[in-house]
Structures are given as structure tokens and as C-alpha cells.
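For reference, the structure discussed in these notes is given below.
Below, read A as the first sequence line, B as the second, and so on, with proteins coming before strands; counting in each chain starts at 1.
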Protein chains: 2
Amino acid sequence: MVDKTPSADIPALPTPLEQSKAQFIRRWGEMGGYWGINRTMAEIHALLFVSTEPICTDDVMAKLMISRGNASMNLRSLVDWGLIERIHLRGDRKEYFVCRTDVWEMFETIVRQRRRREVEPIVETIEHCKAMVNDIKPKAADADAEDVQVYKQRLDEMHKFLDAFGTIVDLMVKLGPGSLQRLSGMMTKLVK
Amino acid sequence: MVDKTPSADIPALPTPLEQSKAQFIRRWGEMGGYWGINRTMAEIHALLFVSTEPICTDDVMAKLMISRGNASMNLRSLVDWGLIERIHLRGDRKEYFVCRTDVWEMFETIVRQRRRREVEPIVETIEHCKAMVNDIKPKAADADAEDVQVYKQRLDEMHKFLDAFGTIVDLMVKLGPGSLQRLSGMMTKLVK
DNA sequence: TATTCCTTTCAGAGATTATTGAAAGAAACA
DNA sequence: TGTTTCTTTCAATAATCTCTGAAAGGAATA
């Protein structure tokens, strides 16, 4: 453990580099809120994303001014999501963390998780709901008849849409980093 | 205003159709939570999505067992999002609501809003952050030099990625309902 | 204009989620 | 083994978000 502080407890004005990073971190955190990810977790992720060197829990605590517990929990979540990694530095007992900086990998990871958590459950439910109304179709020829038809149709459309959407995202992920550009080229032609 | 209740205050067992709808509504609501949309708002949306007929505030209150205020606020949000519409029925003073049932339109609407709220702000911030470190580049040739380089590069990659992603989503929306299927076909060939 | 019917608003209550800090746990070291 | 150093956990607290219900606001009707 080396004390990197230049001259002990002088606060030191933030450099433009630090200011810029701080701004990015703040905004990334805010956006996290929109995504059902908590702000702190997103901020930690951003902090690691803009850090050249590995960072330990105490660094995170100091830079974001949060408690040890909070830092620990959110770092763990980020590891669970697969967005950051634990590493160990020779001669240092502490754990350090680094961010997967390849934005494509990041995207892939996030898309996979969100799909599993947010798309698959609703698809399963739709299938189940369809089955429920299919089973009892022959019996009820009453006033509901049209209602049932419309309902089934809507579920069907939603189902197809979600399937197609999932497929395309899968393929994008499989195709890798270049696919967005390639696709965008293809689609531009298609549009004409 | 016609009283549709079959025989007044007999609760009536839920039909399979009603059960199925209820299940869909519930799940759609849960998923809303993941998307930074509140559960109730998502449930109202689902309720309208599976309803053949227009629905008024009292219907929403009754079916979801929520207060008038809650129903009113969330209905308004859904209108603001462009996911549902207010309509008026002849001879009835109440306002009714219907859902845009075309899943493609729904997707388009959601994507537009989310892009504006979640992608554009971060892109602006990245541009701003890049400018901040560009302006001061010539001066600082000290130890930060490499750090600045890496930082700029990462911001750049993120920027490019977000741009490309936005482009492709735009194109998908422009191409309309068939594009997912078409694209998925094209991409499947590409993969081989 | 007064009345009725319906909608919106918003302060307070309630529910949920995030954060802290201290205690327990785990791993390296001597 | 005991000690040190670091990490995790979790009950209590704080912050945030959501919901209610009653009051105020509007618009159609008489």
C-alpha cells in the first residue's frame, strides 16, 4: 500500500479531467434511475468505466462519498450483472475492481439480462393466458365470444412482436460489434 | 349510463376469460416496475390493452381497486406518453379511454420517448465532457496525459455506440411493422 | 344562475427502496 | 494459534416514491 496523496490533507482543486469525469458519472447515475437500476450502482459503474486503474472499495467510498456497506452491496450487484470484475493486486490484500470497457460487451451483457428478466416472463405469461382461454373456447358461445376473439388476437400480436424483437436482439449480439453499422447500412438501402 | 350488472350485487365468479386477463394485467404491471414505469400505470395500460370496449375512470378504479386520484393521475400519464387516448361517448358525460392496440405503434411510441429521455441526455453529456478535456489538452502534458487519452477514447466509443444504436432504432421505426421479421430473416442469412 | 356530474389536484399517509454503521465473517499473515 | 486487514451482512434509519381521499375546478344541464 503506497500513499499516493501528493502532500497529505490539502484538498487540491479538481482538475478539468476530474470535473469532466465527475459530470459523466453524475449523468450516468441519473440515467440509471430511468433504467430501474439504482443511482449509486450506475455511478459506481461509471466511475469504473472512466478509471484507467483498478479501484478498491475505499476509493469508491471516497469518490462517491458513500458508506462501506453501500459500496460493497452495489459492487457485488455489478459483479453479478457481469459488468465489472474483481481483481487482486500483488502485495495488496484488498480487492480491486475493473470495468469491462468494451461497450459492445457491456451492451451484450445488459441486453441478455434484461431480456431474461423483462421479456421472457411476460412471454411465458402470454402463452399461459392464451392457453387459459383456448381450453374453454368450445363451451362459451355466449356474449363473450367476440371478446375472446379480440383478446386472443391481441395477445397473439404482442407475442409475435416480442418474439421477433428477441430474435433480432439475439442476432445483433451474435453478429458482434460491427453489426450495428452493417445493419444500419443494410436498412438504409432497404428504406430507399 | 346503463347498468350492466346482471343481477345487482351478486359478486359473480370470475370467468376463465376474466382470470386470464387479470393474470396478464398483473404480469404486465410487474414488468412495468423493471422499466421505471410505476406498476399501476402499467396495469392500467394492460387493462385497456385487453379491453374490447372503452373504459372510464370508475371502471379502472373498480377493476384495479385503486383510488380516483391514482386512476386519474396515471391515466393522464398514459395519455401524455401517447399510449392511450381519451374518447367521448354520445349521451354520456364521462370520459372514456382506449388503448392504441397496434403493438408496432406502441413500440414506436415507447422507443421514441425512451430515446429522448434516456439516450439523448447522456449523449449530450458525453459531448460536453469530451469538450471539457479537449480544451485543456495542450497545457497538461504531465502524468495525466495517458489518463486523458484513455478517458477520451472510452467516451468516444460510448458515443459511437449510442449513435449507432439510435440510428438503427430510428430505421426500424421508419421501416414499420414488417421490418423486424424482414431484418431477422436477413440477419439469419448473414450469420451463416 | 344553480345544480349535477365528472375530473383534477395535492397534502398527508403509507409503502417501498436505498443507505448507514456496526458487528460478524473470512482470509492472509506472523 | 492469534492478530491484522479487509469484506459482507443486516437491522435500523433515511430518502423516495406511490396512493388516498377530500376539496376545488370545470363543464354540461335544468
Value in whole Å for how far the [atom2] atom of [N] lies from [atom1] of [X]:
{"X": "A:D59", "N": "D:dC6", "atom1": "CG", "atom2": "C1'", "result": "14 Å"}
{"X": "B:D92", "N": "C:dC5", "atom1": "CG", "atom2": "P", "result": "12 Å"}
{"X": "A:Y96", "N": "D:dT7", "atom1": "OH", "atom2": "C1'", "result": "14 Å"}
{"X": "A:R76", "N": "C:dA26", "atom1": "CZ", "atom2": "C1'", "result": "14 Å"}
{"X": "A:K94", "N": "C:dC29", "atom1": "NZ", "atom2": "P", "result": "14 Å"}
{"X": "B:M41", "N": "D:dC17", "atom1": "CE", "atom2": "C1'", "result": "15 Å"}
{"X": "A:L89", "N": "C:dA27", "atom1": "CG", "atom2": "C1'", "result": "17 Å"}
{"X": "A:M61", "N": "C:dA22", "atom1": "CE", "atom2": "P", "result": "12 Å"}

Closest listed nucleotide, where the reference is the side chain of [X] and the choices are [options]:
{"X": "A:R68", "options": "C:dT9, D:dT7, C:dT19", "result": "D:dT7"}
{"X": "A:S67", "options": "C:dT9, C:dT19, D:dT20", "result": "C:dT19"}
{"X": "B:T40", "options": "C:dT7, D:dT18, C:dT20", "result": "D:dT18"}
{"X": "B:E95", "options": "C:dT8, D:dA27, C:dT19", "result": "C:dT8"}
{"X": "B:R93", "options": "C:dC5, D:dC19, D:dT9", "result": "C:dC5"}
{"X": "B:D58", "options": "D:dC19, C:dC29, C:dT7", "result": "C:dT7"}
{"X": "B:M73", "options": "C:dC10, D:dC6, C:dT7", "result": "C:dC10"}

- Any side-chain donor near an acceptor of the partner, B:W35 and A:E118, under 3.5 Å: yes
- Does the side chain of B:Q23 come under 3.5 Å of the side chain of B:Q19 through a donor N or O and an acceptor N or O? no
- Message: Over all strands shown, is A:N70 touching base, sugar-phosphate only, or nothing at heavy-atom distances under 4.0 angstrom?
- Response: base
- Query: So, is B:R39 near the phosphate of C:dT17, with a side-chain N or O under 4.0 Å from OP1 or OP2?
  - Reply: no
- Task: Would you indicate, yes or no, if C:dT7 has its OP1 or OP2 atom less than 4.0 angstrom from a side-chain nitrogen or oxygen of B:S72?
- Result: no
- Task: Verify the cluster assignment for A:I37 and B:L162: are they in a single hydrophobic cluster under the rule of side-chain heavy atoms below 4.5 Å apart?
- Result: yes
- By side chain to side chain donor-acceptor pair (under 3.5 Å), which residues pair with A:T52, not counting sequence neighbours? B:D147
- salt_bridge(B:E43, B:R26) N-O dist < 4.0 Å: no
